[in-house]
Amino acid sequence: MPKPGSSPESIDNSPDKGRISRRVLLGTGWCGFLLSIVGPALANIRFLFPNVVYEGPTLLKVGRPEDYASGTITFLDEQRLFIMRDPEGLRALSAICTHLRCTTGPFMPPTAEWKEDHSRCPCHGSIFAKDGRVLQGPAPRPLEFYRVSLAPDGRLVVDTAAVVDKGDVLKV
Amino acid sequence: MMTDGRTSGIIHRVTGSRLWKSVFRHGYPATDLDRMSAMFTNFFLHLLPAKVHPNSLRLTYTWALGMVTFYLMVIQFVTGFLLMFFYIPVTDLAYHNMKDLQFAVSFGLLLRNMHRWAAHGMVALVFLHMGRVFYTASYRPPREFNWTMGVLLWLVTLFLSFTGYLLPWDQLAFWAITVGTSIAGYPPWIGETIRTLMLGGHQVGQGALLRFYVLHVAILPAMLCLLVAIHFWRVRKDGGLSRPEGPSPKSTAIPVAGGRFVPGPQKTYTLMEVVRGTSPMVGAQRPEDEVPAWPHLLFRLIVLFQVVLGVVVLLAIVFDAPLEELANPTHPPNPAKAPWYFLGLQELVSYSALVGGVVIPGLLVLGLMGIPYIDRAREGEGIWFTSALGKRIAAWSFVGTIPYTMGLLFLNARFGVRRFAPEAPQGVVDLLNPATLLLAAIVAFSVIVGWRTGSRRMAAIALFSAFVSAYVLLMIIGTCFRGPNWDWALPWL
């Protein structure tokens, strides 16, 4: 429906020239209102992400180097870690399955089906080799190795926040 | 009989009082008009129509599945509120609260059992109700949006169930959160953020328990109430329950023009009967074809509620809700199994977390919501499977999926990608596994059915039936044929 003031001729002569139309005013108002909602909405979402968490430490003390004999794999189930020692040194392998974070079981000797030492995850059947490789199952990535270091008191420290290459060995 | 006389005198006094009349504005209705009026003016009864079509009352059409689900929800609310008096969502206490409910609280075990079995019932019945609505093509216009609401209700029910079984903080709870939130972490880019949001941190612990508790007792129930309200309101506004068109016993004299009710000249109509409009509520149905909801619908519903409550109480008395050992963050149970309704999903996830846990469920939900917008034909509303052809297609889809799925699982066990190419990138495993191959085959089958029959309805029947069949099969496999380390096992060994 044509409104007064909407045709080009009448705009020029209109006494309302230069004034803001009701439509623009309301449109601006609505936009402002909607924009004003965005801030609080984002604030609410941000609120849900804690700034401080009271979770377990990522630095784990796992005893002394001499606790682990050469050529052994020790399963520290409380820490969800394997500590491996071979002539080259010490390594820490995560026991957290890369599929959906279940704890994999201890390493078992080779069988007819699996020709090397292997660890199995009870949740969805992933199987891992000693170097973390996925032998079978849905796990998308190899198990992770964590950095191992010696604390000043001579104890071993595993940093579960620091993932290292599988060749990274602590020589002791 | 002086006592009787005095009693009825007292009753008369009470029901005649101003207070009583201010609450109950009608006496006990004696005529059909009064009964309809009572339905119309009562807050609770207003949810129901004043008159209903007899075809909507047929048990073999609806099986009352939606109503039973609703009743189970009511039971969940009542038992849930009561359980909250004895439950503290703290990791050190939650498990012991369960034990207290079992041994130290009067009727605590019964209430917890009722809460658990009614939850299982809800999950099963929501799905059966969806199946009924789908197979009778009740999502036809104008009910498309209500079907979408129904899909959302199904999701909220599953989330309620998921958040609920985490609360006891037993082994099942702990590892279910671990696995469930890890699946949520799989979508690219936003996955980790979602996981952090769910856990309130990075590890499964106190933060996660509290968040799941708040979701379970406040946020999800609020969403459920809102969605149920919209769902029921739409049922009423969209013309009541869908029903087969068909001759009704009393249809004779009233003229019908263009399939729409036209008031007859010799009849006086009450307000409710002459509401005009284009909504199907006043569509083809004629007031004479309908019966008053009081007593025909109302009394059926009262009896139904008693039956549902009776069954839940009986189940709660006979079977105890499971409680595993106290949560142990270092050792998952072996095998770690989800509840039965998630075991099909767990089976899919055991091939690929991304495909089985994110892609397929996502497509499934979108596909379900889209059904009424893709299949826009109007044939067959209210008729099971639409036609004889529909029945055949459904049967073939149900049966045909089974050997195909079994074949896939067998081939995967013998010739899975990692067997031949242990170093194959994860992308290949995500692409070539039983989950994706099953999805591809079902979609292809549905497209072929649609193309051959020229009917999207038939394509939808093929798709829906094949998915249901495959999921039920996977559920059975997950329940009975998976043992320690998720290896194949026989239930009787």
Side-chain angles (χ1 to χ4, degrees), chain A residues 42 44-58 60 75-82 94-106 108 111 113-116 118-129 131-142 160-161, chain B residues 175 177-183 185-186 193 195-207 211 328-338 346-357 413 416-419 422-427 429-430 433 435 482-488:
Chain A
L42 290 176
N44 283 351
I45 293 170
R46 180 63 187 82
F47 166 80
L48 291 171
F49 290 89
N51 293 326
V52 183
V53 288
Y54 303 92
E55 293 175 342
T58 59
L60 307 172
F75 183 30
L76 303 177
D77 58 354
E78 289 289 311
Q79 285 82 13
R80 303 173 81 189
L81 276 179
F82 297 105
S94 163
I96 300 171
C97 179
T98 53
H99 179 229
L100 293 168
R101 292 187 173 88
C102 289
T103 312
T104 66
M108 293 177 288
T111 59
E113 204 178 0
W114 309 107
K115 308 265 186 276
E116 50 190 313
H118 58 279
S119 160
R120 309 195 62 168
C121 175
C123 290
H124 303 98
S126 289
I127 305 175
F128 299 94
D131 57 357
R133 269 178 306 126
V134 183
L135 295 175
Q136 178 71 294
R141 293 183 311 278
T160 56
Chain B
W175 293 99
I177 305 195
T178 305
V179 168
T181 54
S182 296
I183 290 176
Y186 259 87
T193 312
R195 195 176 108 88
T196 311
L197 187 67
M198 288 172 91
L199 292 180
H202 309 288
Q203 295 173 2
V204 179
Q206 181 57 59
R211 284 187 180 214
N328 176 353
T330 61
H331 282 297
N334 193 359
K337 285 194 184 185
Q346 188 170 358
E347 182 68 33
L348 290 176
V349 165
S350 78
Y351 304 119
S352 156
L354 181 68
V355 174
V417 173
R418 284 250 161 77
R419 292 252 153 178
E423 302 295 327
Q426 184 60 24
V429 178
D430 282 337
N433 69 71
R482 289 296 192 178
N485 297 319
W486 207 247
D487 271 341
W488 290 98

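As a basis for the values below, the full set of heavy atoms in this structure was taken, side chains included, without hydrogen atoms, waters or symmetry mates. Reminder, nothing fancy here: chain letters follow the sequence lines and each chain counts from 1.
Nearest heavy atoms, A:F75 versus B:H331: CE2-CE1, 4.0 Å. When all heavy atoms of B:Y186 and A:P140 are compared, the pair lying nearest together is OH-CG, 3.1 Å. Closest heavy-atom contact between B:V179 and A:C123: CG2-SG, 4.5 Å. The shortest non-hydrogen separation linking A:R101 to B:S182 is NH1-OG, 3.2 Å. Contact detail for A:P122 and B:N485: the closest heavy-atom pair is CA-OD1, 3.7 Å. Of all the heavy atoms in B:R211 and A:P50, the pair that sits closest is NH2-CD, 4.0 Å.
Both the backbone and the side chain of A:R120 have a heavy atom closer than 4.5 Å to some heavy atom of chain B. Using a 4.5 Å cut-off between heavy atoms, B:T178 contacts chain A through both its backbone and its side chain. In this structure, chain A has heavy atoms under 4.5 Å from both the backbone and the side chain of B:Q346. Contact annotation for B:P425: neither backbone nor side-chain heavy atoms come within less than 4.5 Å of a heavy atom of chain A. Contact of A:T58 with chain B is not made at all, since no heavy-atom distance falls under 4.5 Å. Proximity to chain A involves both the backbone and the side chain of B:T193, based on heavy atoms less than 4.5 angstrom apart. Looking at A:A95, neither its backbone nor its side chain comes within 4.5 Å of chain B, counting heavy atoms on both sides. Contacts of A:L135 with chain B are made by backbone atoms alone, with heavy-atom separations under 4.5 Å and no side-chain atom involved. Heavy atoms of B:V349 lying under 4.5 Å from chain A belong to its backbone as well as its side chain. In this structure, the portions of A:C102 lying under 4.5 Å from any heavy atom of chain B include both its backbone and its side chain.
Of the listed residues (A:R141, A:E78, A:R133, A:H99), the one with the most heavy-atom contacts under 4.5 Å to chain B is A:H99. Ranked by heavy-atom pairs under 4.5 Å with chain A, the first of B:A336, B:S352, B:G200 is B:G200.
For A:D77, there are no salt bridge (charged side-chain N to carboxylate O under 4.0 Å, His left out) partners two or more places apart in sequence or in a different chain.
Applying the salt bridge (charged side-chain N to carboxylate O under 4.0 Å, His left out) definition to pairs two or more places apart or across chains, none involves residues 44-53 of chain A.
With values rounded to the nearest 0.5 angstrom, B:L197 atom CG is found 4.5 Å from A:F49 atom CZ.
Formation of a donor-acceptor pair under 3.5 Å by the B:Q203 side chain with backbone atoms of A:E55 is not found in this model. At least one donor-acceptor pair under 3.5 Å links the side chain of A:T103 to the backbone N or O of B:T330.
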